[in-house]
Amino acid sequence: MVKRKKEDFDWQDEEQEIIWVSKSEIKRDAEALKKLGEKLVELTKAKLDKIPLEDALLEAVNLAQRLQKEARRRQLQYIGKLLRGMDVEPIQAALEKLENKHQQQQAMLHKLELLRDALVAKGDDALTDFLTDYLHADRRHLRNLIRTASKEKEQNKPAKAYREIFQYLKEIVLED
C-alpha cells in the first residue's frame with residue numbers, strides 16, 4: 001500500500017467525495033455483524049433454511065453450531081468477517097421476520113377477538129360488513145353462533161358459542 005502525503009491529494013476535485021470513518025465506528029460495525037452471526041448460529045436448521053445465506057456462510061454457521069468454547073468464538077469471528085464482505089440487509093430482514101412472527105400472530109388473534117366482540121355487540125350490521133370482506137363465510141352458521149352467544153351472555157351461561165365464533169373466524173381469516 002502506497003502512502004500519500006497530504007499535498008498529493010487534489011482537494012479541489014469535487015467529483016470524488018472522501019468519507020472518513022473512525023476506527024471506533026469500524027469496530028462497532030464489526031461487532032454488530034458478529035452479533036448477527038451469533039443469532040444465525042443459534043437458529044435451528046429449519047429456520048436457517050428460510051434465510052438467504054451464501055454457501056460459505058451457511059457452512060461456517062453449521063460448523064459453529066457443532067463447536068464449543070474457544071473454537072466457537074473463533075468461528076463466530078470468521079462468520080463476522082464473512083458478513084463484512086456481503087450485503088447483510090436481506091439476512092437481517094429475514095431474521096427480523098422470523099423473530100416477529102410470534103408478535104404478528106398475537107396481533108392477528110387480538111384483531112379476531114375484537115371482530116368477535118363487534119359481531120356479538122352489533123349483530124347483523126357487523127355480520128354484513130364481515131361478509132363483504134369474506135364472501136366464503138357461512139352466513140347462517142355465523143348468525144346462529146352470534147345469537148346463541150348473545151343469549152348465553154344475557155343468561156350468564158358459559159360462553160361456549162362465544163369461543164366457537166372465535167374458532168370459526170380464525171378458520172375463515174387464516175384460510176385467506
Side-chain angles (χ1 to χ4, degrees), residues 1-119 130 133-137 162-176:
M1 184 169 140
V2 178
K3 289 188 177 182
R4 293 186 176 177
K5 295 182 181 177
K6 219 178 195 181
E7 296 84 30
D8 293 343
F9 287 106
D10 183 15
W11 296 103
Q12 302 303 321
D13 187 15
E14 294 181 18
E15 292 179 20
Q16 184 180 16
E17 183 179 331
I18 300 174
I19 300 174
W20 299 102
V21 181
S22 71
K23 191 175 181 180
S24 298
E25 187 175 350
I26 293 170
K27 287 182 179 180
R28 280 191 297 271
D29 291 344
E31 189 64 28
L33 290 175
K34 193 171 107 178
K35 288 191 186 297
L36 176 66
E38 288 176 17
K39 287 182 182 179
L40 290 173
V41 169
E42 293 181 10
L43 293 177
T44 63
K45 174 133 177 64
K47 288 183 179 179
L48 269 178
D49 292 339
K50 296 178 182 177
I51 297 179
L53 299 175
E54 293 180 6
D55 292 337
L57 181 60
L58 184 60
E59 288 177 22
V61 168
N62 287 332
L63 179 60
Q65 288 175 338
R66 294 190 307 263
L67 298 176
Q68 295 178 5
K69 299 185 182 181
E70 184 64 18
R72 183 181 178 107
R73 185 194 66 78
R74 287 192 313 270
Q75 188 67 14
L76 288 172
Q77 292 281 10
Y78 176 66
I79 290 171
K81 180 181 176 183
L82 289 175
L83 287 170
R84 283 192 296 266
M86 62 179 67
D87 183 22
V88 295
E89 288 182 23
I91 297 171
Q92 288 175 329
L95 191 60
E96 198 169 298
K97 187 176 178 181
L98 282 175
E99 290 173 347
N100 290 332
K101 193 172 189 177
H102 177 71
Q103 293 173 347
Q104 291 171 352
Q105 285 179 328
Q106 293 294 355
M108 175 60 81
L109 295 177
H110 185 67
K111 285 181 184 180
L112 289 176
E113 288 174 353
L114 293 175
L115 178 61
R116 174 190 60 194
D117 293 342
L119 285 171
F130 174 74
D133 294 336
Y134 299 95
L135 299 172
H136 61 279
Y162 195 69
R163 288 189 298 271
E164 287 180 20
I165 293 172
F166 180 78
Q167 294 301 322
Y168 186 71
L169 291 176
K170 190 169 140 182
E171 286 176 22
I172 292 172
V173 171
L174 294 181
E175 190 176 284
D176 266 2

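Atom set for the values below is all heavy atoms of this structure, side chains included, hydrogens, waters and symmetry mates excluded. Small disclaimer: the values here were computed from a predicted structure and weren't measured.
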Going from OG1 on Thr44 to CG on Asp49, what distance comes out if it is rounded to the nearest 0.5 angstrom? 8.5 Å
Could you give the distance from CG (Leu82) to CG (Leu40), rounded to the nearest 0.5 Å? 11.0 Å
So for atom CE, which belongs to Met108, do other residues, nucleotides or ligands contribute more than 12 heavy atoms lying within a distance under 6.0 Å? no
side-chain contact (heavy atoms from CB on, under 4.5 Å) assessment of Glu31 paired with Lys34: CA-CA 5 Å; Glu31 189 64 28; Lys34 193 171 107 178; 3.9 Å; yes
Atom CD of Gln68: over 12 foreign heavy atoms under 6.0 Å: no
Electrostatic pair Glu70:Arg73 at N-O distance under 4.0 angstrom: yes
State, with a plain yes or no, whether a side-chain heavy atom of Lys170 is found less than 4.5 Å away from one of Leu109. yes
Can you see which heavy atom on Gly37 is nearest to which on Leu83, and at what distance? N-CD1, 3.8 Å
Mind listing the closest non-hydrogen atom pair of Ala71 and Leu67 along with its distance? O-CD1, 3.7 Å
Glu89 CD: over 12 foreign heavy atoms closer than 6.0 Å: no
Rounded distance (nearest 0.5 Å) linking atom CG of Leu48 with atom CG of Leu95: 9.5 Å
For the residue pair Leu76 and Glu38, what are the closest heavy atoms and their distance? CD1-CG, 3.6 Å
What pair of heavy atoms forms the shortest contact from Tyr162 to Arg116, and how long is it? O-CD, 3.1 Å
Under the side-chain contact (heavy atoms from CB on, under 4.5 Å) criterion, do Leu33 and Asp29 qualify, and how do the steps go? CA-CA 6 Å; Leu33 290 175; Asp29 291 344; 5.6 Å; no
Can you list, pair by pair, the side-chain donor-acceptor contacts under 3.5 Å of residues 51-66, counting residues two or more places apart and other chains?
{"residue": "Asn62", "atom": "ND2", "partner": "Leu58", "partner atom": "O", "Å": "3.3"}
{"residue": "Gln65", "atom": "NE2", "partner": "Val41", "partner atom": "O", "Å": "3.0"}
{"residue": "Gln65", "atom": "NE2", "partner": "Leu43", "partner atom": "O", "Å": "2.9"}

If you count heavy atoms of other groups shown closer than 6.0 angstrom to OH of Tyr78, is the number above 12? no
